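For reference, the structure discussed in these notes is given below.
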Amino acid sequence: MLKTEYGRPADADSRIEPERATYDLLDTLGVPYERIDHPAAMTMEACAEIDRALDAMICKNLFLCNRQKTDFYLLMIPADKRFHTKDLSSALGVSRLSFAEEEYMTRFLHLTPGSVSVMGLQFDREGRVRLVIDREVLDAPFFGCHPCINTSSLRIRTEDLTGRILPALQHPPTVVTLPRTPAEP
């Protein structure tokens with residue numbers, strides 16, 4: 001069974017720099033958070049027990065780009081919502097979105113596959129990545145995300161995301177309402 005703890009881990013100094021930076025950011029902003037440490041979660045299926053323990057809107061975080069690889073997007077959608085590129089492309093008025101290559105994720109967000117998180121935006125100081133959030137995420141009282149590493153998960157109030165975190169990161173979100181179709185089992 002996973003154990004929920006409050007705030008930064010006691011061994012934070014031994015963790016990777018992007019994870020430490022996430023705790024520093026949240027602490028500096030005075031944002032309370034709950035944390036669960038767990039084995040690496042590489043898929044949404046692996047997150048099922050984490051989801052139950054956090055009791056928050058668990059998001060799929062998708063790192064996307066346009067065909068020319070000049071515009072980049074971080075999409076937050078509910079974990080149980082199926083993603084269709086055509087729906088997002090239409091909502092944003094852009095064509096041919098696809099998953100961005102790992103090199104861009106690392107360069108702009110200091111993240112690796114499986115660890116994509118809104119917290120990675122703290123490293124995008126040039127504003128290369130546009131944050132896109134599905135309305136359902138914003139309607140939930142809490143959301144869950146990784147602290148830039150997929151061996152921990154955080155539970156944060158959604159109002160802290162929109163009222164404190166995103167303004168501090170200077171990444172105002174574009175809000176979309178993507179159609180709800182059940183995710184594939």
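Keep in mind it's a predicted model, so treat the numbers as computed, not measured.
The shortest side-chain heavy-atom distance between Glu5 and Glu34 does not fall under the 4.5 Å cut-off. By the 4.5 Å heavy-atom criterion applied to side chains, Asp124 and His171 are counted as neighbours. A 4.5 Å side-chain heavy-atom check between Ile133 and Val118 finds every atom pair outside the cut-off. The shortest distance between side-chain heavy atoms of Ile165 and Met119 falls below 4.5 Å. The side-chain heavy atoms of Val94 and Asp71, taken from C-beta on, include no pair separated by under 4.5 Å. Contact check for Thr151 versus Pro39: no side-chain heavy atoms found under the 4.5 Å cut-off. Using a 4.5 Å heavy-atom cutoff, the side chains of Tyr23 and Tyr33 are in contact. The shortest distance between side-chain heavy atoms of Val176 and Asp87 does not fall below 4.5 Å.
Note: Leu88 CG to Thr85 OG1 = 8.0 Å, rounded to the nearest 0.5 Å. Here the CE-CD1 distance, from Met57 to Ile156, works out to 14.5 Å after rounding to the nearest 0.5 Å. Taking CG of Leu111 as the reference point, atom CZ of Phe123 lies at 7.5 Å (rounded to 0.5 Å).
Counting all heavy atoms, side chain and backbone alike, Ile36 lies closest to Ala53 at CD1-CB, 3.4 Å.
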Quiz item: Under the side chain to side chain contact (heavy atoms under 4.5 Å, CB included) criterion, do Cys148 and Gln122 qualify, and how do the steps go?
Solution: CA-CA 10 Å; Cys148 298; Gln122 66 188 301; 4.0 Å; yes
Self-check item: Arg164 and Glu159: CA distance, side-chain angles, deciding distance, salt bridge (charged side-chain N to carboxylate O under 4.0 Å, His left out) verdict
Solution: CA-CA 8 Å; Arg164 294 182 185 184; Glu159 68 184 37; over 6 Å; no
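Side chains of Arg130 and Thr174: a donor on one and an acceptor on the other come within 3.5 Å. Using a 3.5 Å distance cut-off with no hydrogens or angles, the side chains of Thr70 and Asn66 do pair a donor with an acceptor. Looking at Ser152 and His146, their side chains never bring a donor and an acceptor atom within 3.5 Å of each other.
By the 4.0 Å N-to-carboxylate-O rule, Asp13 lies too far from Arg20 to be salt-bridged with it. A salt bridge links Asp80 with Arg180: the closest approach of a Lys/Arg side-chain nitrogen to an acidic carboxylate oxygen falls below 4.0 angstrom.
At distances below 3.5 Å, at least one donor-acceptor pair connects side-chain atoms of Arg155 with backbone N or O atoms of Leu54. Although no hydrogens or angles enter the test, the distance criterion places no donor-acceptor pair under 3.5 Å between the side chain of Arg35 and the main chain of Leu154. Checking side-chain atoms of Asp160 against main-chain N and O of Val31 turns up no donor-acceptor pair under 3.5 Å. In this structure, the side chain of Lys81 engages the main chain of Leu178 through a donor-acceptor pair within 3.5 Å.
Under a cut-off of 6.0 angstrom, the local environment of CD in Glu103 is crowded, with over 12 non-hydrogen atoms contributed by other residues, nucleotides or ligands. Counting non-hydrogen atoms of other residues, nucleotides and ligands closer than 6.0 Å to CZ of Arg96 gives a total of 12 or fewer.
Cation-pi geometry between Arg157 and Phe142 is not satisfied (NZ or CZ under 6.0 Å from the ring centre, within 45° of the ring normal).
Linking ILVMFWY residues whenever their side-chain heavy atoms come closer than 4.5 Å, directly or via other members, leaves Met105 and Leu75 in distinct clusters.
Among Tyr73, Phe72, Phe99, the one residue that satisfies the ring-ring contact (aromatic ring centres under 6.0 Å, His included) test with Tyr104 is Phe72.
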